[in-house]
Chemist: 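This is the structure I have questions about; it appears just below.
Predicted, not measured: the structure shown is a model, and the values here were computed from it. If you read the sequence from its start, that first residue is 1, and numbering goes on from there.
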Amino acid sequence: MNALAATNRNFRQAARILGLDSKIEKSLLIPFREIKVECTIPKDDGTLVSYVGFRVQHDNARGPMKGGIRYHPEVDPDEVNALAQLMTWKTAVADIPYGGAKGGIGCNPKDLSVSELERLTRVFTQKIHDLIGVNTDVPAPDMGTNAQTMAWILDEYSKFHGHSPAIVTGKPIDLGGSLGREAATGRGVVYATEALLAEYGKHVKDLTFAIQGFGNVGAWAGKLIHERGGKVVAVSDITGAVKNPNGLDIPALLSHKEKTGKLIDFAGADVMNSDELLTHECDVLIPCALGGVLNRENADNVKAKFIIEAANHPTDPDADEILSKKGVVILPDIYANAGGVTVSYFEWVQNIQGFMWDEEKVNRELKKYMTRAFHNLKGMCHSHNCNLRMGAFTLGVNRVARATQLRGWEA
């Protein structure tokens, strides 16, 4: 089942639990606006090349729309639609005043020079500048884009609208980016894990962890778990996988990866098959990479008691059912990885105020938001007698539905 079908299924189930009116249910599923633009740029050799850029703006009942821009050769409209919708529910779960959006350009950033990427970003911004805005739609980095991409969007947008640092988040610090933004998703994952474990009277320091995906999110989560005394026993990324039953030395592994570009050949660990990471012996499994990695083929063999969804949509609905029957507790993506968008919100707030926070305040506020969201989510689980995923979806959908009704849109 693809991401859109799975998201729609979760939404419909939540709507049924909440007893939503069919008119409002239908209007919440349809995106507010879908934008598709042609971006033609001269390449460095003088030839012209065209790419398709797009932006799906899903819902703005609770505030400006928010979501990443990805540069990827297979930009699938269905997936982008699902991710835009997921952002609507995610921002509502975190209780930040945004709606959802997502977008990108169908290109392979590895095949483009830096100056070609800059021209492409600027042309894309020229095409959509009147459809995004500080109070309309605020983009952020995603797969294949970074702080530099945001800097180009900021500069191009400001040519039309005057200096507007709040138009994008995930910017370089020198242009109004927030301290703590880089670690935010991984740190949020750890705060979410701590909130969940506290329900069971457990602590990070007493448990073992396996992390799939060791990019930004996985590396920060691993580092912070290690600092709290948790044992990370296995880690994988696209270059391979390593394990150590006594716990990996995460800071040493990170510096090894920085030097060599890969995880394997690390002195303090044994190499393992990447496919085995998801079924490795551990208390807590944290998938931080791609969607759909837990499916009906491997779900039965998962040994973890807790799964923290740091990636978007890592567990497909079949696996969800199998794991629930086994009594595995799954902390859903729309809550678990909301740390990134929460600190993006802090960045936007700082830009609008023209007053920047220190990193301590950013982390303190993030912990407050993640902990509060968990208790709200648990409240929905109790009142609707449902699992954590449905608790999160009912929490998010209910907030958006309420805002929609209060604004009088469903008449």
Side-chain angles (χ1 to χ4, degrees), residues 2-4 35-41 43-44 49-57 65-84 86-87 100-128 132 137-157 167-172 175 177 181-186 212-220 237-239 257 261-262 287-293 310-314 333 337 340-341 344:
N2 72 12
L4 184 61
I35 303 153
K36 199 170 178 185
V37 293
E38 182 195 26
C39 302
T40 303
I41 58 158
K43 292 198 68 161
D44 292 342
V49 59
S50 287
Y51 299 96
V52 175
F54 55 89
R55 185 80 174 157
V56 174
Q57 297 175 330
M65 294 164 286
K66 187 92 191 74
I69 287 182
R70 53 177 54 182
Y71 288 0
H72 194 266
E74 274 127 48
V75 167
D76 167 38
D78 263 6
E79 188 185 23
V80 172
N81 237 312
L83 292 169
L86 221 46
M87 285 303 292
K102 205 74 170 186
I105 300 177
C107 69
N108 190 346
K110 290 191 181 74
D111 298 343
L112 296 169
S113 70
V114 173
S115 60
E116 287 166 344
L117 281 170
E118 178 174 352
R119 286 197 289 276
L120 181 56
T121 303
R122 289 182 184 278
V123 168
F124 182 49
T125 309
Q126 286 163 19
K127 296 285 177 93
I128 65 166
I132 61 174
D137 177 4
V138 181
D142 201 304
M143 278 161 61
T145 56
N146 55 24
Q148 180 58 69
T149 321
M150 297 305 107
W152 291 326
I153 295 175
L154 161 63
D155 183 68
E156 198 60 35
Y157 181 87
I167 182 56
V168 285
T169 58
K171 299 180 289 294
L175 289 176
R181 175 65 189 88
E182 196 214 340
T185 310
Q212 187 212 25
F214 211 53
N216 173 286
V217 181
W220 275 105
D237 69 2
I238 43 174
T239 67
K257 187 183 169 178
K262 49 184 193 279
C288 301
L290 297 168
V293 293
N312 280 321
H313 188 65
D333 51 2
N337 65 27
V341 71
S344 274

Chemist: Under 3.5 Å, side chain of Asp333 to main-chain N/O of His313, donor-acceptor pair present?
Modeler: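 Checked: pair present.
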
Chemist: Given Tyr71, which of Thr145, Thr121, Asn108 fulfils the side chain to side chain donor-acceptor pair (under 3.5 Å) condition?
Modeler: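 The single option meeting the side chain to side chain donor-acceptor pair (under 3.5 Å) with Tyr71 is Thr121.
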
Chemist: About how many Å separate SG of Cys107 and CG of Leu120, when rounded to the nearest 0.5 Å?
Modeler: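 Reported to 0.5 Å precision, the distance equals 5.5 Å.
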
Chemist: Could you tell me which residues satisfy side-chain contact (heavy atoms from CB on, under 4.5 Å) with Glu118, sequence neighbours excluded, listed by chain and number?
Modeler: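 Per chain and number, Glu118 pairs via side-chain contact (heavy atoms from CB on, under 4.5 Å) with Arg122, Trp152.
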
Chemist: For Gln148, give me all partners under side-chain hydrogen bond (donor to acceptor under 3.5 Å, both in side chains), at least two apart in sequence or on another chain.
Modeler: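 Expected list: none.
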
Chemist: In Å and rounded to the nearest 0.5 Å, what is the NZ to CD distance from Lys43 to Glu116?
Modeler: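 Interatomic distance, Lys43 NZ to Glu116 CD, rounded to 0.5 Å: 5.0 Å.
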
Chemist: Is Ile238 atom CD1 crowded by more than 12 heavy atoms from other residues, nucleotides or ligands, each under 6.0 Å away?
Modeler: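 It does not: Ile238 CD1 has 12 such atoms or fewer within range.
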
Chemist: Would you name the heavy atoms of Ser50 and Glu38 that are closest together and state the gap between them?
Modeler: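 Looking at all heavy atoms of both residues, the shortest contact is OG-OE2, 3.3 Å.
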
Chemist: How close do Ala151 and Leu175 get, heavy atom to heavy atom, and via which atoms?
Modeler: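 That closest heavy-atom pairing would be CB-CD1, 3.6 Å.
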
Chemist: At what distance, to the nearest 0.5 angstrom, does CG of Leu83 lie from CG of Asp78?
Modeler: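 Atom-to-atom, Leu83:CG and Asp78:CG are 10.5 Å apart.
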
Chemist: Using the rule given for side chain to side chain contact (heavy atoms under 4.5 Å, CB included), can you reason through Ile69 versus Arg55, listing the C-alpha separation, both sets of side-chain angles and the distance that settles it, and then say yes or no?
Modeler: CA-CA 8 Å; Ile69 287 182; Arg55 185 80 174 157; 3.6 Å; yes

Chemist: With sequence neighbours left out, write down each residue that passes salt bridge (charged side-chain N to carboxylate O under 4.0 Å, His left out) with Asp44, or none if nothing qualifies.
Modeler: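 With sequence neighbours excluded, Asp44 shows a salt bridge (charged side-chain N to carboxylate O under 4.0 Å, His left out) to Arg119, given in chain and number order.
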
Chemist: Please identify each residue that fulfils side-chain hydrogen bond (donor to acceptor under 3.5 Å, both in side chains) with Asn216, with sequence neighbours left out.
Modeler: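 side-chain hydrogen bond (donor to acceptor under 3.5 Å, both in side chains) check on Asn216 returns nothing, list empty.
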
Chemist: Listed by chain and number, what are the side-chain hydrogen bond (donor to acceptor under 3.5 Å, both in side chains) partners of Tyr157, not counting sequence neighbours?
Modeler: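 Testing Tyr157 for side-chain hydrogen bond (donor to acceptor under 3.5 Å, both in side chains), a comparison that skips the adjacent residues, returns none.
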
Chemist: Go through the structure and list residues passing side-chain hydrogen bond (donor to acceptor under 3.5 Å, both in side chains) with Asn337, not counting sequence neighbours.
Modeler: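 Once residues adjacent in sequence are excluded, the partners of Asn337 under the side-chain hydrogen bond (donor to acceptor under 3.5 Å, both in side chains) criterion are Lys90, Asn312.
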
Chemist: Tell me every residue that passes ring-ring contact (aromatic ring centres under 6.0 Å, His included) with Phe214, counting only those two or more places apart in sequence or in another chain.
Modeler: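 For Phe214 there are no ring-ring contact (aromatic ring centres under 6.0 Å, His included) partners, ignoring immediate neighbours.
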
Chemist: Please find the pair of heavy atoms, one from Cys288 and one from Ala311, that lie closest to each other, and give the distance.
Modeler: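 Residues Cys288 and Ala311, closest heavy atoms: C-CB, 3.8 Å.
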
Chemist: Run the side-chain contact (heavy atoms from CB on, under 4.5 Å) test against Phe54 and tell me which residues pass, sequence neighbours left out.
Modeler: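 Expected list: Val75, Val80.
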
Chemist: Can you name the residues that form a side-chain contact (heavy atoms from CB on, under 4.5 Å) with Thr169, not counting sequence neighbours?
Modeler: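 Here the qualifying residues are Lys66, Val138, Ala140, Ser344, Glu347, Trp348.
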
Chemist: Grab the two heavy atoms, one from Met150 and one from Gly170, that are nearest each other, plus how far apart they are.
Modeler: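 Closest approach of Met150 to Gly170, heavy atoms only: CG-O, 3.8 Å.
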
Chemist: How long is the straight-line distance from OG1 of Thr125 back to CD1 of Ile132, given to the nearest 0.5 Å?
Modeler: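 The OG1 atom of Thr125 is 6.0 Å from CD1 of Ile132, to the nearest 0.5 Å.
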
Chemist: Taking side-chain contact (heavy atoms from CB on, under 4.5 Å) as the test, write out the residues that go with Ala289, two or more places apart.
Modeler: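 Only Gln212 meet the side-chain contact (heavy atoms from CB on, under 4.5 Å) criterion with Ala289.
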
Chemist: Taking the side chain as every heavy atom from C-beta outward, state whether Trp220 and Glu182 have any pair of such atoms under 4.5 Å apart.
Modeler: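 Side chain of Trp220 against side chain of Glu182, heavy atoms only: contact under 4.5 Å found.
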
Chemist: Apply side chain to side chain contact (heavy atoms under 4.5 Å, CB included) to Asp237 and Lys257, showing your working.
Modeler: CA-CA 10 Å; Asp237 69 2; Lys257 187 183 169 178; 3.1 Å; yes

Chemist: Quick one: pull up OH in Tyr51 and CG in Leu112 and give me the separation to the nearest 0.5 Å.
Modeler: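 Between Tyr51 OH and Leu112 CG, I get 4.0 Å after rounding to 0.5 Å.
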
Chemist: Can you name the salt bridge (charged side-chain N to carboxylate O under 4.0 Å, His left out) partners of Asp142, sequence neighbours left out?
Modeler: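 Salt bridge (charged side-chain N to carboxylate O under 4.0 Å, His left out) list for Asp142, sorted by chain: Arg70, Lys102.
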
Chemist: Residues two or more places apart in sequence or in another chain: which of them pass salt bridge (charged side-chain N to carboxylate O under 4.0 Å, His left out) with Arg181?
Modeler: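 Salt bridge (charged side-chain N to carboxylate O under 4.0 Å, His left out) list for Arg181, sorted by chain: empty.
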
